[in-house]
Asker: 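Here's a structure for you.
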Amino acid sequence: MVQVSFAELCKHAGKEIVKVAGVIIMKVFITRKITETGVQLMRDAGLSVTEWTEKRDLTQEELIAHCKNYDALVSAGPNQLDRYFLNACKHLKVIALHSVGFDNVDLAEATRLKIPVGNTPGVLSKTTADTAFLLMLAVSRKAFFNHRRILNGQWGFFDPTLNLGIELDGKTLGIFGMGNIGTEMAKRCHRAYDMKVIYHNRHRNEQAEKEFGAVMVSFDELLQQSDVLSVHASLNDGSRALFDKQVFTKMKPSSIFINTARGAMHNEKDLTEALQDHIIWGAGLDVTNPEPMQPDNPLLSMDNVAVTPHIGTCTEETREKMVRLVAANVIAGLKGERIPYPVNEEVYRG
Ligand code: DGY
């Protein structure tokens with residue numbers, strides 16, 4: 001691709017108005033290719049849709065230049081929709097996120113600029129919980145490490161004392177953030193392994209307490225009592241870099257740390273040292289800090305670690321459901337209606 005300056009990009013992006021038979025067509029820009037159903041739903045609603053098809057992330061300036069010529073943005077991936085971006089694109093009528101997480105958006109600024117921001121709640125909870133469950137099980141039986149042994153020609157001689165995992169049956173699961181995804185993870189662990197569920201959350205989750213006897217505990221109790229501690233909170237100032245050396249030190253030496261929420265919630269150097277120094281037993285990560293994780297990261301060669309590349313919602317069914325919510329947010333936003341899945345409700349107040 002030819003590199004052009006920001007000024008050039010803005011000039012070319014222009015303020016072109018698309019008219020068909022005298023009718024102004026609203027335009028939607030998507031930061032990457034998404035499941036076709038979503039695009040089709042928007043086109044069926046009469047919108048002009050453009051996807052960024054290059055297999056690289058747009059820089060912020062490229063994104064701004066593109067958005068200048070569009071009415072709605074669908075953001076899928078890591079672009080930071082910060083104060084600078086939002087002020088440069090305050091003409092946007094709606095921003096639809098292809099995610100449940102919205103930590104990449106300056107919501108206060110979007111609200112101040114009266115831009116509704118929508119996400120994809122609910123439809124991905126089970127899939128993400130499946131990923132957490134998969135990692136928990138993979139770590140507990142050193143599955144990724146044992147797979148590598150075969151690839152490396154190390155199946156070899158059977159030694160009954162080597163490569164032993166730990167069992168999950170009847171153990172204590174600690175959930176940090178008992179929202180929809182945390183509840184689904186707890187349900188799976190309770191049903192499959194009769195695990196006792198404790199949780200730390202801003203509010204009580206009565207459904208979880210009733211359905212599988214979950215008990216709300218303090219953060220320190222969560223650290224001290226969990227055999228598996230699974231992170232399901234959203235990333236904010238309170239949870240950023242929360243899981244550091246001091247926190248890992250309070251966990252059981254036999255415990256497993258699982259993070260399928262956001263990598264920025266754990267300090268990866270501290271986590272690596274906690275595993276190397278046997279402060280905790282194992283870790284399963286679907287999110288890393290930073291992303292993408294580099295192939296020479298020491299975590300990837302540890303026998304008690306399982307890492308997947310942020311595939312929490314990555315099934316055909318879930319992606320299909322997600323794009324339907326994305327399209328619903330875009331279509332409503334462009335019609336000037338209240339979007340169905342807003343993360344900044346305040347935009348509709350006052
Ligand atoms: C989400 O929906 O937030 C997933 O983590 C994808 O970013």
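In this text, all values refer to a predicted model and were calculated from it rather than measured experimentally.
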Asker: According to side chain to side chain donor-acceptor pair (under 3.5 Å), does anything in residues 237-249 pair up with another residue at least two apart or in another chain? List the pairs.
Answerer: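 Pairs touching residues 237-249 that pass the test: N236-S239.
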Asker: For E51, give me all partners under salt bridge (Lys or Arg N to Asp or Glu O under 4.0 Å), at least two apart in sequence or on another chain.
Answerer: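 Listed in chain order: nothing, the list is empty.
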Asker: With sequence neighbours left out, write down each residue that passes salt bridge (Lys or Arg N to Asp or Glu O under 4.0 Å) with E273, or none if nothing qualifies.
Answerer: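 If we apply the salt bridge (Lys or Arg N to Asp or Glu O under 4.0 Å) test to E273, skipping adjacent residues, the hits are K269.
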Asker: Among T308, T313, T131, find the one that has a side chain to side chain donor-acceptor pair (under 3.5 Å) with D286.
Answerer: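 Result for side chain to side chain donor-acceptor pair (under 3.5 Å) with D286: T308.
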Asker: Taking side-chain contact (heavy atoms from CB on, under 4.5 Å) as the definition, give me every residue that meets it alongside V139, ordered by chain and number, with sequence neighbours left out.
Answerer: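 Once residues adjacent in sequence are excluded, the partners of V139 under the side-chain contact (heavy atoms from CB on, under 4.5 Å) criterion are I256, W281, A306.
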Asker: For residues 33-41, run the donor-acceptor check on the side chains, cut-off 3.5 Å, and write out each pair with its distance to 0.1 Å, sequence neighbours left out.
Answerer:
from, atom 1, to, atom 2, distance (Å)
T37, OG1, E320, OE1, 3.1
T37, OG1, E320, OE2, 2.7
Q40, NE2, D44, OD1, 3.0

Asker: If you apply the rule side chain to side chain donor-acceptor pair (under 3.5 Å), what do you find for E109 with Y84, and how did you get there?
Answerer: CA-CA 10 Å; E109 192 62 6; Y84 175 70; over 6 Å; no
Asker: Which heavy atom in V330 sits nearest to a heavy atom in L47, and how many Å separate them?
Answerer: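 Answer, listing the atom of V330 first, then L47: CG1-CD1, 3.9 Å.
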Asker: Determine whether a donor-acceptor pair (N or O, by modelled atom type, separation under 3.5 Å) exists between the side chain of D227 and the backbone of S254.
Answerer: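 It does not hold such a pair.
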Asker: Identify, with sequence neighbours excluded, every residue that meets salt bridge (Lys or Arg N to Asp or Glu O under 4.0 Å) alongside K90.
Answerer: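 Listed in chain order: nothing, the list is empty.
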Asker: What pairs meet the salt bridge (charged side-chain N to carboxylate O under 4.0 Å, His left out) rule with one or both residues in residues 330-349, with sequence neighbours excluded?
Answerer: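 Sorted result for residues 330-349: R338-E345.
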Asker: Salt bridge (charged side-chain N to carboxylate O under 4.0 Å, His left out): which pairs involve residues 253-262, sequence neighbours left out?
Answerer: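 Matches after skipping sequence neighbours: D103-R262.
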Asker: Does Q225 form a side chain to side chain donor-acceptor pair (under 3.5 Å) with E221? I'd like the steps, not just the answer.
Answerer: CA-CA 6 Å; Q225 295 173 23; E221 286 168 331; 4.8 Å; no
Asker: Using the six-membered ring wherever Trp is involved, compare the ring planes of H200 and F219 and label them parallel, tilted or perpendicular (cut-offs 30° and 60°).
Answerer: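 It falls in the tilted class, 30° to 60°.
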Asker: Are V94 and V323 in one and the same hydrophobic cluster, where Ile, Leu, Val, Met, Phe, Trp and Tyr link if side-chain heavy atoms are under 4.5 Å apart?
Answerer: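 Linked, V94 and V323 end up in one cluster.
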Asker: Please, which pairs that meet salt bridge (charged side-chain N to carboxylate O under 4.0 Å, His left out) have at least one residue in residues 149-164, sequence neighbours excluded?
Answerer: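 Sorted result for residues 149-164: empty, none.
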Asker: Under the salt bridge (charged side-chain N to carboxylate O under 4.0 Å, His left out) rule, what pairs show up with a residue in residues 123-142, not counting sequence neighbours?
Answerer: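 The answer is D130-R188, K142-D303.
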Asker: What class does the angle between the rings of F248 and F243 fall in, given that below 30° is parallel, 30 to 60° is tilted and above 60° is perpendicular?
Answerer: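 Judged by the thresholds at 30° and 60°, the geometry between F248 and F243 is tilted.
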Asker: Should L235 and L222 be regarded as members of a common hydrophobic cluster, given that ILVMFWY residues are connected when their side-chain heavy atoms come within less than 4.5 Å of each other, either directly or indirectly?
Answerer: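 L235 clusters together with L222.
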Asker: Tell me, please, which residues at least two apart from F102 pass ring pair (Phe, Tyr, Trp, His ring centres under 6.0 Å).
Answerer: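 With neighbours one apart ignored, the set is empty.
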Asker: What residues form a salt bridge (Lys or Arg N to Asp or Glu O under 4.0 Å) with D57, not counting sequence neighbours?
Answerer: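 If we apply the salt bridge (Lys or Arg N to Asp or Glu O under 4.0 Å) test to D57, skipping adjacent residues, the hits are R32.
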